[in-house]
Protein chains: 2
Amino acid sequence: MSQTVDRALSILPLLAEGPADLGRVADRLGVHKSTALRLLRTLHEHGLVYRQSDQRYRLGARLFALAQEAVENLDIREIAHPHLVRLNEECGHTVHLAVYEENEVLYIDKVESRYPVRMYSRIGKPVAITVAAVAKLLLADLPEAERRALADKLDYPLYTPRSTPNAPAFLKELERVREQGWATDLGGHEESINCVGAPVRGTDGRVVAAMSVSAPNVVVTGDELLTLLPLVRRTAEAISREYSGRTTP
Amino acid sequence: MSQTVDRALSILPLLAEGPADLGRVADRLGVHKSTALRLLRTLHEHGLVYRQSDQRYRLGARLFALAQEAVENLDIREIAHPHLVRLNEECGHTVHLAVYEENEVLYIDKVESRYPVRMYSRIGKPVAITVAAVAKLLLADLPEAERRALADKLDYPLYTPRSTPNAPAFLKELERVREQGWATDLGGHEESINCVGAPVRGTDGRVVAAMSVSAPNVVVTGDELLTLLPLVRRTAEAISREYSGRTTP
DNA sequence: AGGTGAATTGCGATATCTGCAACGGTCATT
DNA sequence: AATGACCGTTGCAGATATCGCAATTCACCT
């Protein structure tokens with residue numbers, strides 16, 4: 001592993017906390033100011049950090065552009081998108097698509113609800129991994145050992161009284177999800193919001209992505225939302241079929 | 001500038017185009033495969049690149065998370081958001097907020113239209129800089145020399161017959177925007193979409209951000225949209241006032 | 001099995017990076 | 001107005017981390 005690059009990259013999460021000046025960056029990195037300066041310069045040339053008018057550094061614009069381009073080039077996303085739109089047209093609610101990667105689950109696509117009350121979420125935002133329906137679907141498919149290890153490492157924030165409280169409960173829930181082939185989040189993240197989700201599978205049957213439909217209680221009750229389950233599963237299966245007949249995962 | 005870091009960072013835009021294997025990365029970088037490998041490894045450890053099951057590399061999850069955190073930490077965005085929401089509630093159309101940074105203009109916030117017909121755009125996506133109302137507002141405030149230099153460097157794609165055709169026309173338009181203190185895009189980007197925008201200013205009067213309201217012809221005509229101008233300007237001024245009484249830009 | 005293609009590892013030469021110390025600019029203080 | 005403190009910046013020489021090579025391992029296909 002390259003030391004220089006390692007140091008340079010360590011600057012990014014540091015700046016994600018908020019703008020910092022040269023001295024602060026050097027201190028946090030444990031290197032001389034001149035060293036930090038050169039690293040920051042290089043990051044700057046690539047547009048990854050931006051120098052604001054007060055000379056402090058913060059994360060730069062190209063970072064967004066990169067993330068943007070990357071997310072648009074994911075083949076699952078490309079294939080799934082029209083299906084998500086159609087589902088949204090049929091049920092009217094917010095539709096999400098998410099993938100698992102290196103201990104994180106993140107939304108890679110979203111079709112907004114047609115109802116005025118909307119759920120807060122954003123593409124690229126890490127998902128509330130212990131409660132979201134899509135997270136359960138993706139984690140349920142991990143190899144036993146990895147699943148267990150991950151469950152132990154996670155925090156279990158009590159967003160609501162219905163949030164998954166701890167690792168054993170989470171593992172049990174994952175087991176259930178694994179067997180039934182679909183998942184829900186009934187007020188586990190936000191008190192008044194429910195979700196139903198289903199997995200997208202690749203050729204080999206492994207789960208490559210997960211999708212869900214979300215709606216607030218004021219629009220439909222949890223039970224009503226569950227009636228959409230067959231539709232959600234059919235959509236997920238349609239995406240799976242199309243994805244399996246295509247490019248390498 | 002650091003060579004190693006420079007090379008490592010050059011990998012990112014390369015992967016943004018799509019997944020690539022080690023050999024391809026090494027070739028594009030013009031270095032030996034072993035070198036490319038070590039760089040990729042380092043990027044991997046920081047979560048910036050991900051290794052998919054076919055061993056090819058693509059951009060990783062942490063990149064999205066970083067971009068996400070970065071955008072949420074912009075103070076202008078935080079201050080402006082409630083104002084944008086209120087404006088959206090009053091007029092129903094899509095509202096955008098954008099900033100200028102290093103030769104790019106990009107959306108940093110968006111409140112979606114309440115009408116079923118929506119405009120395509122996404123937070124983090126670079127704006128069509130030669131035609132968008134927000135871009136005109138931001139560039140019009142640059143120092144003369146910089147504005148001129150930038151105008152020369154830009155491409156002027158003809159999205160529609162009403163797109164800004166070349167640098168002189170653009171500079172003239174910027175001059176006008178500068179004087180009148182607001183800007184429009186009437187079908188310059190997409191034939192059927194119009195926008196009206198106004199600048200957000202900091203304490204010193206410099207433009208720090210720009211906002212706009214966009215709507216397709218099928219919902220309101222360009223003239224009707226113009227009647228919203230006073231409301232848009234009032235909103236921009238309200239944001240400016242609140243922003244001026246705050247943290248350093 | 002054999003063979004191709006790719007990724008990976010160990011190693012020595014050397015280009016690259018590091019930390020120091022001195023410089024220059026800016027802002028606040030007296 | 002002058003002084004001083006602070007921060008960012010630059011040039012340099014020594015230290016060392018990096019580079020490319022060549023050999024090895026691995027996986028896949030014929």
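Proteins get letters first, then strands, A, B, ... in listed order; numbering begins at 1 in each.
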Ionic contact status for B:Arg62 with A:Glu104, cut-off 4.0 Å: yes
B:Lys33 NZ to D:dC21 C1', straight-line distance once rounded to whole Å: 12 Å
Integer-rounded Å distance: D:dG20 P and B:Leu29 CG: 10 Å
Check A:Arg178 with A:Glu144, please: is the shortest side-chain N to carboxylate O separation under 4.0 Å? no
Under 3.5 Å, is there an N or O donor on one side and an acceptor on the other linking the side chain of A:Arg38 and the base of C:dG19? yes
Whole-Å distance between D:dA17 C1' and B:Leu39 CG? 13 Å
Do the non-hydrogen side-chain atoms of B:His83 and B:Glu242 ever get within less than 4.5 Å of each other? yes
Kindly calculate the angle separating the two end axes of the helix from C:dA1-D:dT30 to C:dT30-D:dA1, each obtained from five base pairs, and round it to 10 degrees. 40°
Residues A:Arg234 and A:Glu237 bridged, charged N to O under 4.0 Å: no
Rounded distance in Å - CE (B:Met1) to P (C:dT18): 14 Å
Using the side-chain heavy atoms of B:Arg7, tell me which of these nucleotides is nearest: C:dT8, C:dC20, D:dC19. D:dC19
May I ask you to verify if any side-chain N or O of B:Thr35 is less than 4.0 angstrom from the OP1 or OP2 atom of D:dG20? yes
Please state how far atom CD in B:Gln3 lies from atom C1' in D:dT16, giving the value in whole angstrom units. 15 Å
Base, sugar-phosphate or nothing for B:Arg51? Non-hydrogen atoms, less than 4.0 Å. sugar-phosphate
Candidate list A:Asp152, A:Leu171, A:Asp141, test side-chain contact (heavy atoms from CB on, under 4.5 Å), partner A:Arg147, passing option: A:Leu171
Between P of C:dA7 and CG of B:Leu22, the distance in whole Å: 4 Å
Taking CZ from B:Arg41 and P from D:dT18, how many angstroms apart are they, rounded to a whole number? 13 Å
Are the charged groups of A:Asp54 and A:Arg56 less than 4.0 angstrom apart, N to O? yes
Send over the distance from A:Leu37 CG to D:dG8 P, rounded to a whole Å. 9 Å
May I ask you to evaluate whether B:Ser34 reaches the phosphate of C:dT8, defined as a side-chain N or O under 4.0 Å from OP1 or OP2? no
Which part of the nucleic acid, if any, lies within reach of B:Thr4 when heavy atoms closer than 4.0 Å are counted: base, sugar-phosphate only, or nothing? sugar-phosphate
Does the distance from a Lys or Arg side-chain N to an Asp or Glu carboxylate O, for B:Glu179 and B:Arg176, drop under 4.0 Å? no
